[in-house]
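All remarks here apply to the structure that follows.
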Amino acid sequence: MKHALPLIERHTSIKETIQKIERTPFATGFLINEQGVYLGGIFLSDLRRLLISGVNAEAEVGAYPVKYTYRLEEPSLRDRARVDALLADLRLHGVNYVPVVTSIGEIQDILSADDLTSARPSELPAGQREREKRVLVVGGAGYLGSILTRKLLARGYQVRILDSFIYGRKSVEELTGNERCEIVEGDLRNIHTCVSALEGVNAVILLAAIVGDPASKVRPTETIETNVLAAQALASAAKLQHISRFVYASTCSVYGVGADLLDEQSSLNPVSLYARTKIASEDIILKMGDAYFAPTILRMGTLYGYSPRMRFDLVVNTMSMKSFTDKKIQVYGGKQWRPLLHVEDAADVYIRCVEADLKNVGNQVFNVGSNEQNYQIEEIAERVSTTLGGIPIQRDDTSLDARDYRVSFAKVHDTLGFSPQATVEQAAETIFGRLSDGTIRNPAQRIYYNHYFDATEE
Ligand SMILES: NC(=O)c1ccc[n+]([C@@H]2O[C@H](COP(=O)([O-])OP(=O)(O)OC[C@H]3O[C@@H](n4cnc5c(N)ncnc54)[C@H](O)[C@@H]3O)[C@@H](O)[C@H]2O)c1
């Protein structure tokens, strides 16, 4: 079990220490001397603070004072009074992990406060031990973000959401009061907000953007500021603090139009400002990558499915909604190819990236979706129609959307073992259900369409 623990020999450089801790699920390193005797714990956040204060990243980590020296000898585990006293101390000082040491001080195991709370800590499977990592989700109140933050919390992460709430904050209202979730209202374009959001963070997920071709057309300046310049600022600030795990939300729209099955090496052919800004930021962020800053670019297919921040400007969602309100589905063109991805499946891929070995996902681009869900628009309409009991489809040969691309998702499947769990049919049923039962009262409200930039609910 020891190999999985962040045991740090005291002569290790700060830079290497950060890298070693980041390879584990912990946010703390456990310092040992040459004989393997435990010296004390060091938080990743403190190491990053040292770097910000100007300390040389090559300096030996053992030269700086350790934050805590809590430990438990194996026999004391059975002494409930002693364990409870230690737990009280841990909580007071915000410490979550304690090494269990032998009589000569060698680390045998590391237990979390949660492990110690239960009567038989050693029986807890490692997977159930609380994760200590804090993840920053910028854009965490959005269509994808509001699903992803809930999933991260359910897996035991601490989550900080930074969002300017362009489309309101209702999607994260029920997370208020969750002690592992911090909700920060702020604009990523503000440099101070951007840098402060990284305090104490071990992984960054950047979703915030002006999203979609119509929205970026309405607010081109804000699109460039947010999608490119703010993204660049956040990545630079993360790199300076050695926060190497940086997952960036891009889109298959970067392929624009393409006749073949397009993979990550295929040439890009953007047909909108939105896609061009995504390509620009991909490029900037990837060029920053090195052994200590290892960004992952996720080019997702068009998302679909129900979310606490609902969008009805996405193809499956629109068709499901129109089946309810208009009792018909309108198809423009219809022959264009569009890869689809359920929003819940998309969120799972981000979690895989946060948990994967950085060697496999760092400095990499992945198309995210599945080969089976590359559909032509007319097929999507047929699937929605059939699922909802044969809704009539009206066809109009004029295509309003120039995008037409079929994408290969072999890499995300092979590297991360990702296969989608959800289907267009399930999503159509759910959305239709939410409209029928009144969960969504008026799908025509502007809040459900990105290009209105409206947070008002009737
Ligand atoms: N929805 C899709 O089909 C799709 C497909 C591929 C890629 N993506 C990408 O996924 C990400 C999330 O998309 P979504 O559908 O959830 O969009 P969304 O518009 O629902 O969410 C974006 C969130 O970012 C926030 N935001 C925008 N500008 C901000 C700023 N300056 N500071 C702080 N917060 C800000 C908004 O308030 C919103 O909550 C985007 O980067 C998008 O490009 C989405």
Side-chain angles (χ1 to χ4, degrees), residues 136-149 160-172 183-194 197 205-216 218-219 221-231 233-234 247-255 270 272-282 285 297-305 307-318 338-347 349-350 366-369 373 403 405 407 427 447-455:
L136 169 66
V137 184
V138 189
Y143 176 66
L144 169 58
S146 54
I147 300 258
L148 176 59
T149 47
R160 178 178 298 145
I161 295 173
L162 170 66
D163 203 296
S164 55
F165 300 127
I166 297 178
Y167 309 106
R169 58 183 301 154
K170 205 171 156 224
S171 59
V172 291
I183 303 176
V184 180
E185 175 163 9
D187 192 322
L188 187 67
R189 292 172 296 166
N190 176 319
I191 292 292
H192 176 70
T193 307
C194 167
I205 296 177
L206 175 51
L207 306 177
I210 302 304
V211 182
D213 299 357
S216 67
V218 172
R219 295 208 180 162
T221 308
E222 198 170 327
T223 303
I224 293 169
E225 288 168 359
T226 310
N227 298 13
V228 184
L229 301 173
L234 185 71
V247 188
Y248 177 69
S250 188
T251 165
C252 286
S253 289
V254 296
Y255 298 116
S272 66
L273 173 65
Y274 170 62
R276 284 195 287 123
T277 58
K278 286 285 170 178
I279 293 173
S281 47
E282 275 191 10
I285 293 168
I297 307 288
L298 298 182
R299 289 180 185 157
M300 295 177 283
T302 301
L303 300 180
Y304 67 89
S307 157
R309 193 261 135 165
M310 195 51 189
R311 289 185 56 187
F312 284 117
D313 52 3
L314 297 166
V315 61
V316 173
N317 301 359
T318 309
R338 188 66 40 83
L340 296 183
L341 173 67
H342 196 285
V343 62
E344 300 265 352
D345 284 325
V349 175
Y350 282 78
F366 293 93
N367 292 332
V368 184
Q373 293 194 23
R403 289 175 298 163
Y405 45 87
V407 176
I447 197 169
Y448 298 122
Y449 303 84
N450 274 10
H451 67 282
Y452 288 125
F453 293 91
D454 194 338

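Below, each value reflects all heavy atoms present in this structure, side chains not excepted, and no hydrogens, waters or symmetry copies. Positions are given from 1 along the sequence. Each ligand, and each atom within it, is numbered from 1 in the order the structure gives. The model shown is predicted, which means the values in this text are computed figures rather than measured ones.
In this structure, Gly301 has a heavy atom closer than 4.0 Å to ligand 1. Distances shorter than 4.0 angstrom occur between a heavy atom of Ser250 and an atom of ligand 1. Not a single heavy atom of Gly140 sits less than 4.0 Å from an atom of ligand 1. Residue Glu225 places no heavy atom under 4.0 Å from ligand 1. At a 4.0 Å cut-off, not a single heavy atom of Ala230 sits close enough to ligand 1 to count as contact. The closest approach between a heavy atom of Tyr274 and any atom of ligand 1 is below 4.0 Å.
The protein non-hydrogen atom at the shortest distance from atom 1 (N) of ligand 1 is Arg311 NH1, 3.2 Å. Distance from atom 31 (N) of ligand 1 to its nearest protein heavy atom, with residue and atom name: Asp187 OD1, 2.7 Å. In terms of protein heavy-atom proximity, atom 29 (C) of ligand 1 is closest to Ser164 OG, 3.3 Å. Atom 22 (C) of ligand 1 has its closest protein heavy atom at Ala209 O, 4.1 Å. The protein atom (non-hydrogen) at minimum distance from atom 24 (O) of ligand 1 is Ala208 CA, 3.4 Å. Given atom 11 (C) of ligand 1, the protein heavy atom at minimum distance is Leu207 O, 3.3 Å. From the protein, the heavy atom lying nearest to atom 32 (N) of ligand 1 is Leu188 N, 2.8 Å. Scanning the protein for heavy atoms near atom 25 (C) of ligand 1, the closest one is Asp163 OD1, 3.4 Å.
Residues Tyr248 and Lys278 meet the side-chain proximity criterion, which asks for heavy atoms closer than 4.5 Å. No side-chain heavy atom of Arg299 sits less than 4.5 Å from a side-chain heavy atom of Val407. Residues Leu341 and Gln373 fail the side-chain proximity criterion, which asks for heavy atoms closer than 4.5 Å.
Put simply, the residue from Leu148, Val138, Leu136, Leu144 that forms a side chain to side chain contact (heavy atoms under 4.5 Å, CB included) with Ile205 is Leu148.
Both tests hold for Arg338 against Tyr405: distance to the six-membered ring centre under 6.0 Å, angle to the ring axis within 45°.
Nearest-heavy-atom check against atom 44 (C) of ligand 1 across Leu148, Ile210, Leu162, Leu303 picks out Leu303. In this structure, of Val138, Leu144, Thr277, the residue bringing a heavy atom nearest to atom 16 (O) of ligand 1 is Leu144.
Close contacts of ligand 1 with Gly186, meaning ligand atoms under 4.0 Å from a residue heavy atom, involve 32 (N), 33 (C). Atom numbering of ligand 1 starts at 1 in the shown order; those under 4.0 Å from a heavy atom of Arg309 are 18 (P), 19 (O), 20 (O). Per-residue contacts place Phe165 under 4.0 angstrom from the following atoms of ligand 1 (heavy atoms of the residue considered): 37 (O). Taking every non-hydrogen atom of Thr302 and a distance limit under 4.0 Å, the qualifying atoms of ligand 1 come out as 3 (O). Within the listing of ligand 1, atoms 28 (N), 31 (N) sit less than 4.0 angstrom from a heavy atom of Thr226. Proximity to Ala141 (heavy-atom distance under 4.0 Å) selects the following atoms of ligand 1: 39 (O).
For ligand 1, the polar-atom distance check against Asn450 finds a nitrogen or oxygen pair separated by under 3.5 Å. Considering both main-chain and side-chain atoms, Lys278 comes within under 3.5 Å of ligand 1 through a nitrogen or oxygen pair. At a 3.5 angstrom cut-off on N or O pairs, Gly142 counts as close to ligand 1. An N or O contact shorter than 3.5 Å is missing between Met300 and ligand 1 by distance. Geometrically, ligand 1 and Tyr167 share no nitrogen or oxygen pair separated by less than 3.5 Å. Residue-to-ligand polar distances keep Leu206 apart from ligand 1: every N/O pair is separated by 3.5 Å or more.
Aromatic ring pairs are classed by plane angle as parallel below 30°, tilted from 30° to 60° and perpendicular above 60°; the pair Phe312 and Tyr449 is tilted.
The shortest heavy-atom contact between Asp187 and Thr193 is O-CB, 3.6 Å. A pairwise comparison of heavy atoms in Ala215 and Thr223 identifies O-OG1, 4.5 Å as the closest pair. Shown here for Leu303 and Ala346, the closest heavy-atom pair between the two residues is CD2-CB, 3.7 Å. Taking every heavy atom of both residues into account, Arg309 and Ile447 meet most closely at NH2-O, 2.8 Å. Across Gly168 and Ala455, no two heavy atoms sit closer than the pair N-CB, 3.4 Å. Closest heavy-atom contact between Pro270 and Ala275: CB-CB, 3.7 Å.
Here the side chain of Arg160 pairs no donor or acceptor atom with the backbone of Val184 at under 3.5 angstrom. A donor-acceptor contact shorter than 3.5 Å is absent between the side chain of Asn227 and the backbone of Tyr274. Although no hydrogens or angles enter the test, the distance criterion places a donor-acceptor pair under 3.5 Å between the side chain of Asp163 and the main chain of Ala141.
When heavy-atom distances to ligand 1 are checked against a 4.0 Å cut-off, Ile166 comes that close through both its backbone and its side chain. With a 4.0 Å heavy-atom cut-off, ligand 1 is reached by no atom of Arg299.
Asn450 and Tyr143 are not linked by any side-chain donor-acceptor pair at a separation below 3.5 angstrom, with hydrogens and angles left out of the test.
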Inset, instruction - Starting from the C-alpha separation in whole Å, work towards a yes-or-no answer on side chain to side chain contact (heavy atoms under 4.5 Å, CB included) for Tyr448 and Asp313. - result: CA-CA 7 Å; Tyr448 298 122; Asp313 52 3; over 6 Å; no
